[in-house]
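Each remark here refers to the structure printed beneath this line.
All figures in this text were calculated on a predicted structure; none of them were measured in a lab. In what follows, chains carry the letters A, B, and so on, assigned in the order in which the sequence lines appear, proteins first and then strands, with residues in each chain numbered from 1.
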2 protein chains.
Amino acid sequence: MNIGNASELSGLPVKTIRYYEEIDLVKPARAENGYRFYSKDDVLYLNFLNRARKLGFSVSECRLLLSLYNDTERSSSEVKTLALQKVETIEAKILELTSMKNMLSKLAQSCHGDNRPDCPILDEIAGKATI
Amino acid sequence: MNIGNASELSGLPVKTIRYYEEIDLVKPARAENGYRFYSKDDVLYLNFLNRARKLGFSVSECRLLLSLYNDTERSSSEVKTLALQKVETIEAKILELTSMKNMLSKLAQSCHGDNRPDCPILDEIAGKATI
DNA sequence: ATAAAGCCTCCAGTAACTGGAAGGTCAAGC
DNA sequence: GCTTGACCTTCCAGTTACTGGAGGCTTTAT
């Protein structure tokens with residue numbers, strides 16, 4: 001099938017699919033007219049990539065997952081380790097964001113938020129601690 | 001003071017400070033030998049930027065905050081609105097990451113993680129739901 | 001005098017796409 | 001047979017916020 005079709009079936013934008021070819025993730029055959037031709041397996045890979053990306057894996061991690069997927073000799077522990085590492089980094093990001101959120105909420109609460117210019121948020125960011 | 005000194009006082013890497021000049025965030029004077037010369041105010045601004053970035057504001061939001069900081073006519077509500085919007089986007093990110101984390105944890109739990117090749121994580125990512 | 005540290009500019013690279021220009025191809029309708 | 005529009009191609013540039021490195025001054029310390 002052509003790239004537009006593959007895009008619909010995989011849920012990935014056409015541009016992204018071309019990009020994945022460029023970086024050697026999914027390399028389709030070519031028709032005589034030069035159009036990319038995607039096999040069912042190609043579409044499966046594109047779907048795989050779409051899901052893995054949504055799970056938070058980077059493109060290079062996806063590359064690894066894809067090679068593991070195609071490696072019938074793989075050990076499942078390898079994949080599990082990757083997944084658990086990713087869980088950890090996600091947890092770390094959540095903690096960081098939570099602390100940012102708490103800071104900002106506290107700052108926002110301390111600001112009266114009216115037409116007057118004095119603003120504890122800016123004061124605090126500037127280092128003139130007022131809270 | 002020179003850029004190295006400004007870097008120490010603000011906590012920003014030298015490269016970053018040069019970058020902030022390039023994008024017209026903090027433009028220092030120049031000494032006769034061509035070296036950047038940072039005033040106390042400049043360092044205050046760099047500190048401000050460092051903190052605002054750590055709070056999750058983008059560089060362009062920082063630009064706005066900095067102009068508000070220097071605008072004695074500002075209304076504090078403007079700043080408060082920005083802060084609350086940022087809290088919302090951070091919350092959204094946290095939710096997204098949490099759902100990613102839950103998915104991945106569930107997948108990892110379902111995988112025996114030994115030397116055998118069969119792996120529910122890969123199967124699930126590929127769309128062959130087995131959970 | 002010389003070596004190390006610090007400064008300068010400019011160029012390139014990162015992650016993962018996204019947008020747009022210029023142009024070839026294909027299917028449908030008249 | 002011709003046109004129109006959708007779809008495809010390549011290539012180039014832009015996004016975010018830096019970061020690294022090369023090549024080359026200037027300053028400081030020994």
Over 12 non-hydrogen atoms of neighbours within 6.0 angstrom of CD in B:E96: no
Residue whose nearest DNA chain C nucleotide is more 5′ - A:Y20 or B:N5: B:N5
Under 4.0 angstrom between [X] side-chain N/O and [N] OP1 or OP2:
X: A:T16; N: C:dT18; result: yes
X: A:R36; N: D:dC8; result: no
X: B:N33; N: D:dT27; result: yes

Interatomic distance, [X] [atom1] vs [N] [atom2] [rounded to whole Å]:
X: A:I17; N: D:dT9; atom1: CD1; atom2: P; result: 10 Å
X: B:E32; N: C:dC7; atom1: CD; atom2: P; result: 18 Å
X: A:L25; N: C:dC17; atom1: CG; atom2: C1'; result: 13 Å
X: A:F57; N: C:dA15; atom1: CZ; atom2: C1'; result: 17 Å
X: B:F37; N: C:dG6; atom1: CZ; atom2: P; result: 18 Å
X: B:I3; N: D:dC25; atom1: CD1; atom2: P; result: 20 Å
X: A:Y38; N: D:dC8; atom1: OH; atom2: C1'; result: 11 Å
X: B:E21; N: D:dA17; atom1: CD; atom2: P; result: 19 Å

Touch class at under 4.0 angstrom, heavy-atom based, for B:I23 against every strand present: nothing
Given [options], which nucleotide is nearest the side-chain atoms of [X]?
X: A:Y19; options: C:dC26, C:dA16, D:dT10; answer: C:dA16
X: A:R30; options: D:dT19, C:dC17, D:dT10; answer: D:dT10
X: A:V59; options: D:dC8, C:dC7, C:dC17; answer: C:dC17
X: B:Y35; options: C:dA16, D:dC7, C:dC7; answer: C:dC7
X: B:R18; options: C:dT18, C:dT9, D:dC7; answer: C:dT9

Flag side-chain contact, heavy atom, 4.5 Å: B:D114 against A:K80: no
Side chain proximity check, B:R36 to B:I17, heavy atoms < 4.5 angstrom: no
Atom pair OG (A:S7) and CG (A:N2), whose distance is rounded to the nearest 0.5 Å: 11.5 Å
Along DNA chain D (nearest heavy atom to each residue), the more 5'-positioned of A:K15 and A:G4: A:G4
Ring geometry between A:Y69 and A:F48 (parallel below 30°, tilted from 30 to 60°, perpendicular above 60°): tilted
